[in-house]
Amino acid sequence: MAVCIAVIAKENYPLYIRSVPTQGELKFHYTVHTSLDVVEEKISGVGKALADQRELYLGLLYPTEDYKVYGYVTNSKVKFVIVVDSSNTSLRDNEIRSMFRKLHNSFTDVMCNPFYNPGDPIQSKAFDSIVSTMMVQAF
Amino acid sequence: MESLTLSDVEQKYYSELFLFCDVDNTKKVASNGKVLDLFRAAQLSNEVVHQITELCGATRLGHFGRSQFYIALKLIALAQSGLPLRVESLNNVRDLPLPRFVMGKNEQEMRHAVMFADTENQGPYLPRPPGRVQAKKVSAHEMIQPCVPTVDPQPDTTSPVVSPHQSPPTSPHAWRKHKRQASGGNVDRQPSVPGVVWPPFREAQPGPVTGDGLWSAHSPPPVQESWVSFTDTPPSCTLPMHPPSAQQLQQENSNGGLLLLTQPESTTVRTVPSSMTTNEIQRQTSGYDDPWKITDEQRQYYINQFKTIQADLTGFIPGSAAKEFFTKSKLPILELSHIWELSDFDKDGALTLDEFCAAFHLVVARKNGYDLPEKLPESLMPKLIDLDDSAGVPEPDPEVGFSASPVEVTPNKSPSMPSLNQNWPELNQSNEDTAIVHPVPIRMTPSKIHMQEMELKRTGSDHTHPTSPLMAKPPELSEETKLAAAIKFPGTTVGDGYSSSDSFTSDQEPISSAVNRQRSHSGTSPEGLKVVAPPPPPPRIITSHSRSSSLDMNRNFAAVPAGPQQPGVVAFPPAVPPRPLPTQTSVPHGHRSVEGDGLPSHPSTSPQQMPEQPNFADFSQFQVFAVDQPADDGEKPSDSGQAERSAETTGTMRTAKNEVQAEERNANSVNSAKVSTPLAPPPKPVRRRLKSEDELRPDVEDLPQKSTVIATVLATQPSIPRSIGKDKKAIQASIRRNKETNTVLARLNSELQQQLKDLLEERISLEVQLEQLRPFSHL
């Protein structure tokens, strides 16, 4: 159901970004970029506890009139951002969480591949397929 | 002629064609015949053909030598591409597509060439049906384009797969043939390739050509040619390798890759490749059964490679090592990454043997020009079972050890059981009787232990062995230790079975009854022993004397089923005869006068017995025993042990138990035992009258417990402190006092009752009077 899914590396550059309506990609890129600020704010906010205490799922980062942005950060500071269309029947929080979980799992699989250098753009077909399943539904 | 530089692909192709034409194998072909046919098949005008012939010098020579032939072919390609025929352009033109010949040539070479070319180029067709590369691709594409001949290497079985990709032959070039192969003859080497139709290369695909199926999965066109054949022959035949792939093959070769030799069938091909590139490795991705099957040779090769990285075939190759290894194949990282994703089935970052073979196979296929599949083909799926099996097996064993006791119950039921069973047998072996029978929970009470000991002694087995554990067990055994109890006789006759029907009797009965009972538990006994480790509460100890020679008694008692007491009784080592005295004395302390008589006598004995009784707390038990014993005594004069046993029971009990001395007291004693509440509670139920030992024994279910306890106690404590006797007396005295009090109170009660009645009567009378009077008043 997502309109755009992005994976951002620790250094805040995108490892993978894909949008469903390919035409409005730039807009989504921009949205994702701005959402990073919110992510940073959230993860730095939990100063007291370490990562383990911090919730991986960040929840709704900020809503706009058209869409909502959800964030998720891994323990290695890799961020996942999902942009969903507001017009969609509002997805339940659990669904968003499950989407992030799937993303995280497939991201882990990509990481496990010895031929993948962390920091490279993700070109894994398996990862793509997972993302597609999540995005296709959006349409 | 002019020097001619051919690309590898071209070279292969040409040489195939040459061989095809060179039917006489004279290394030169005549102008006529096949050559001309070939040229005409190029769909060139005759004029052009003639021109070509002239250019290549065949006209001069009158025949086509190899070089001329090659030149001619190249010129044909030029012509087909629409380029002017110039000799100079022979070498200048790069990327010239291979000449296409439309014909149903069965030349495999052609096909192969086509295939390769096609496969390579024709992206659309599945030329590379994953792996199947089998030249099928060729079939697919109609044109034999110079496209890099995908390595036709149909890996062995690549069967027809190729075709599928290509859906309806786009172009007439029907080389479609799939070349291949060699393997099996299926390859129809001579597939009648319809010029235009895809010759469904149905060449006999070697059996497995399941590839077709596979391909169909991939691509609609069912053209499955039977490329087959690779399977049969050693991975062979590699169709003209695509130059790059050839290079790759070379690399592979250098890597120790498997050189798939083209099969003899594809002779032409073979020769071509050989001439062309050594790469023909043909690894043939043929491993694909269906295009992805791995042949045995390949698998063996892969396994050898695996060993070079990781000696243990059941181990894993870490990702980094695999990365290095596969990087040597010079495939692009992206493809390697994809291959990894496909082959690392469990996504653990390491490759098992199966995963490694699959990955290797995919690499080979890829190098041969086959496209990588989107998902792992079934034939490459790693079989995870093997490892699991091997891993699973050992595990249960350790567990087994411990669950032994419970396990016993169902030795073969649970999965872990087998291992347990394995363990047990060892245990059992030690036991003579071990036959693990249905584990019956047996209370390992001390008595049992005694019994067991007895049995052991009887059987001559290592008594000490069992006994010791037994002794240790008594505490636990008592009462509930089932099985574990069984173990108790590690070697002894556990047989009895833990017929734990009666908690108490279990000990005894099993022992007694079953010499044969297997000690199934025994198997577990070691464990059970451990389980039962904590010694049972002392009371348990039955008066039965441990290990003493009271074997007979035990036996006797054992025979007597009931004897809950038996255990205790049995346990009583016959060597403790004095016991009965105290018991007897105690017995009488019951309020019988007779008993009273006996009592005095008993006490005398009791003290004697007391010392024997290690545990006088259970006097009650003992009493019961004593009670029983007397009865038994009657039966078994040899129940000295019994007497002893009785002695073991609490002092009072013991006295009561002085069966030996007071049979009648038995009854009394029983009563007294019952009365002697102060005695250990357990005996209470047991206080049955000692009608007869037999009766008692069976009856005294509980008593057996007690008796067992007592027995165990006795067993454990052969010497009874004198104090016990004194205690007995005290208890008896208190009993008497209580009885007196009871009497008094009873009398009082009766009197009061009487008074109450009187009062009630008075009341009634008064009321009547009142009634009489009242009416008047009413009035």
Bottom line for A:Asn117: the part with an atom under 4.5 Å from chain B's heavy atoms is side chain
Is the shortest side-chain heavy-atom distance between B:Glu341 and A:Val110 below 4.5 Å? yes
Determine whether B:Thr327 and A:Phe115 make a side-chain contact, defined as any pair of heavy atoms from C-beta on separated by less than 4.5 Å. yes
I'd like to know which of B:Asp348, B:Leu336, B:Ile339, B:Ile333 tops the heavy-atom pair count under 4.5 Å against chain A. B:Leu336
If you count heavy-atom pairs under 4.5 Å between each of B:Ser337, B:Ala350, B:Ala321, B:Ser320 and chain A, which one has the most? B:Ser337
Got a sec: does the NE2 of A:His104 have more than 12 other heavy atoms crowding it under 6.0 Å? yes
Shortest non-hydrogen contact from B:Gly319 toward A:Pro114: O-CB, 3.2 Å
Check for a donor-acceptor pair, side chain of A:Asn113 on one end and backbone N or O of B:Trp340 on the other, with a separation under 3.5 Å. no
